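Note that the structure is predicted; figures quoted are calculated from it, not measured. Below, chains carry the letters A, B, ... as their sequence lines are ordered, and counting in each starts from 1.
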Protein chains: 2
Amino acid sequence: MSCGLAYAPQLRSLGYRITPQRMAILHVLCHSGKHLTPRDVYQKAKKDFPTLTEPTVYRTLEFLAKNGLARPMQAGKGRLRYEMAEDDHHHIVCRVCGDEIEVEHELLESMYRKMESTSGYQRIDSHVTFFGVCPECLKT
Amino acid sequence: MSCGLAYAPQLRSLGYRITPQRMAILHVLCHSGKHLTPRDVYQKAKKDFPTLTEPTVYRTLEFLAKNGLARPMQAGKGRLRYEMAEDDHHHIVCRVCGDEIEVEHELLESMYRKMESTSGYQRIDSHVTFFGVCPECLKT
DNA sequence: ATCTTTATTGTAAAAACTTGCAATAAGGAA
DNA sequence: TTCCTTATTGCAAGTTTTTACAATAAAGAT
């Protein structure tokens, strides 16, 4: 509950409002682990704020992502999961067993810069999910 | 219609079957441009094969992607679009106007190798969609 | 040609996600 | 405090995507 408040000044200064729905959702993101589905977030946050609805969860997660507080990540097919945007990292998901690890952004840094100078596009998002095969699954 | 047949031997040798549904969908992917939504594919392929259903389209696109014939790409939020997997490239989508360009895989090649050796994961997918801001939108 | 096996499809229903719009309430002004 | 503005929410309905399972048909064997 209190942890969402930490982000209140930042949001308010951008002209956004502090609502109990947003606080409840931030609380879940802070304390319920990583890569949560919108449904995970909905069910957990509902306990704090029972009148919460699913459209609000979808809209809020998107809102938090757009403002850099939450990080959306791909979870197979076209599905999105969310986590707090803390340290800057990417994911590699094993397409066989679903296991996943993090990759520091630093490793991709120079590639990003090359891509920006080549393409002319700027502010390229600093999060990507890659799909590969993990060492365990490679054995079999 | 005929263009799908080009892939028939490849599929058959893997133990898969050649069905008119698959041929119709491959035909659409070959001749209807890039990054099509499943719905685009459904509506176009239906003309060739009117009894085609949507679940079949979703399953077939996923099937083609898994076998390297089609390339799935992210189109904002969690949505997937598909195109034939011809030359090896990635996409950068402008998150303001939606415009997009291609990036040659070669540019990312060394980063992929670094990532594989660091993480132990192998066969990391060779397609990613990045989101950034295009030169046009940067001006304003 | 016909039979057999089983990969693939259609059906129907469910689950996941989105949208438009009217009602609500956050936060600044009086 | 009370009022006002408008960002945000809930509602209800729509669209998109997935799933389970029985029916179908592709391809090899007879």
Side-chain angles (χ1 to χ4, degrees), chain A residues 1 4-5 7-26 28 35-46 48-67 69-70 72-82 98, chain B residues 1 4-5 7-26 28 35-46 48-67 69-70 72-82 98:
Chain A
M1 186 50 86
L5 283 174
Y7 301 99
Q10 180 180 351
L11 291 177
R12 201 165 320 171
S13 73
L14 290 166
Y16 301 120
R17 293 177 183 177
I18 309 309
T19 67
Q21 291 88 339
R22 284 177 179 168
M23 291 303 104
I25 288 168
L26 277 170
V28 168
H35 27 79
L36 301 165
T37 64
R39 165 144 298 246
D40 291 338
V41 174
Y42 171 62
Q43 287 173 338
K44 287 171 195 291
K46 217 171 144 73
D48 261 7
F49 193 80
T51 61
L52 184 68
T53 62
E54 283 197 279
T56 296
V57 172
Y58 281 96
R59 282 183 291 221
T60 300
L61 290 171
E62 204 183 328
F63 163 84
L64 294 173
K66 185 174 295 183
N67 288 285
L69 298 190
M73 67 161 283
Q74 298 300 139
K77 301 202 185 169
R79 297 280 173 75
L80 290 181
R81 288 168 179 257
Y82 292 85
Chain B
M1 186 50 87
L5 283 175
Y7 302 99
Q10 180 180 352
L11 291 177
R12 201 163 327 176
S13 74
L14 290 166
Y16 301 121
R17 293 179 184 175
I18 309 309
T19 67
Q21 290 91 337
R22 284 178 180 169
M23 291 304 103
I25 289 168
L26 275 170
V28 168
H35 27 79
L36 302 164
T37 64
R39 167 147 297 249
D40 291 336
V41 174
Y42 171 62
Q43 287 173 338
K44 287 170 194 293
K46 217 170 144 73
D48 262 8
F49 193 80
T51 61
L52 183 68
T53 63
E54 284 197 280
T56 296
V57 172
Y58 281 95
R59 284 182 292 219
T60 300
L61 290 172
E62 204 184 330
F63 164 83
L64 294 173
K66 185 174 296 184
N67 288 284
L69 298 190
M73 67 162 282
Q74 298 301 137
K77 302 203 184 166
R79 297 282 172 75
L80 290 181
R81 289 169 178 257
Y82 291 85

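- Checking D/dC11, C/dT9, D/dT19 against every side-chain atom of A/Pro55, the shortest atom distance belongs to D/dC11.
- Between A/Tyr16 and A/Asn67 there is a side-chain heavy-atom pair separated by less than 4.5 Å.
- Within the 4.5 Å cutoff, the side chain of A/Leu11 has heavy atoms near those of the A/Phe63 side chain.
- Residue-to-nucleotide proximity on DNA chain D shows that, of B/Arg59 and B/Thr19, the 5′-proximal contact is made by B/Arg59.
- Side-chain atoms of A/Arg17 lie closest to D/dA7 of the nucleotides C/dT19, D/dA7, D/dA25.
- Between B/Leu80 and B/Gln74 the shortest side-chain heavy-atom distance falls below 4.5 Å.
- Looking only at side-chain heavy atoms (C-beta outward), A/Arg79 and A/Thr37 stay at 4.5 Å or farther from each other.
- For A/Thr56, counting side-chain heavy atoms from C-beta on, the closest listed nucleotide (C/dT11, D/dT9, C/dC17) is D/dT9.
- In this model, the phosphate group of D/dG10 is approached by a side-chain N or O of A/Thr51 to a distance below 4.0 Å at OP1 or OP2.
- Of all nucleotides listed (D/dT8, C/dG10, D/dT17), D/dT8 comes nearest to the side chain of A/Arg22.
- OP1 or OP2 of D/dT18 has not a single side-chain nitrogen or oxygen of B/Tyr58 nearer than 4.0 Å.
- Of the candidates C/dT9, C/dC17, D/dT19, C/dC17 carries the atom nearest the A/Arg79 side chain, counting heavy atoms from C-beta on.
- Look at B/Gln21 and you won't find any side-chain N or O under 4.0 angstrom from OP1 or OP2 of D/dA25.
- Taking for each of B/Glu62 and A/Leu52 the nucleotide of DNA chain D with the nearest heavy atom, the 5'-most of the two is the partner of A/Leu52.
- When the nucleotides D/dT19, C/dT8, D/dG28 are ranked by their closest atom to the side chain of A/Lys77, D/dT19 comes out on top.
- Heavy atoms of A/Phe63 sit nowhere under 4.0 angstrom from any nucleic acid atom.
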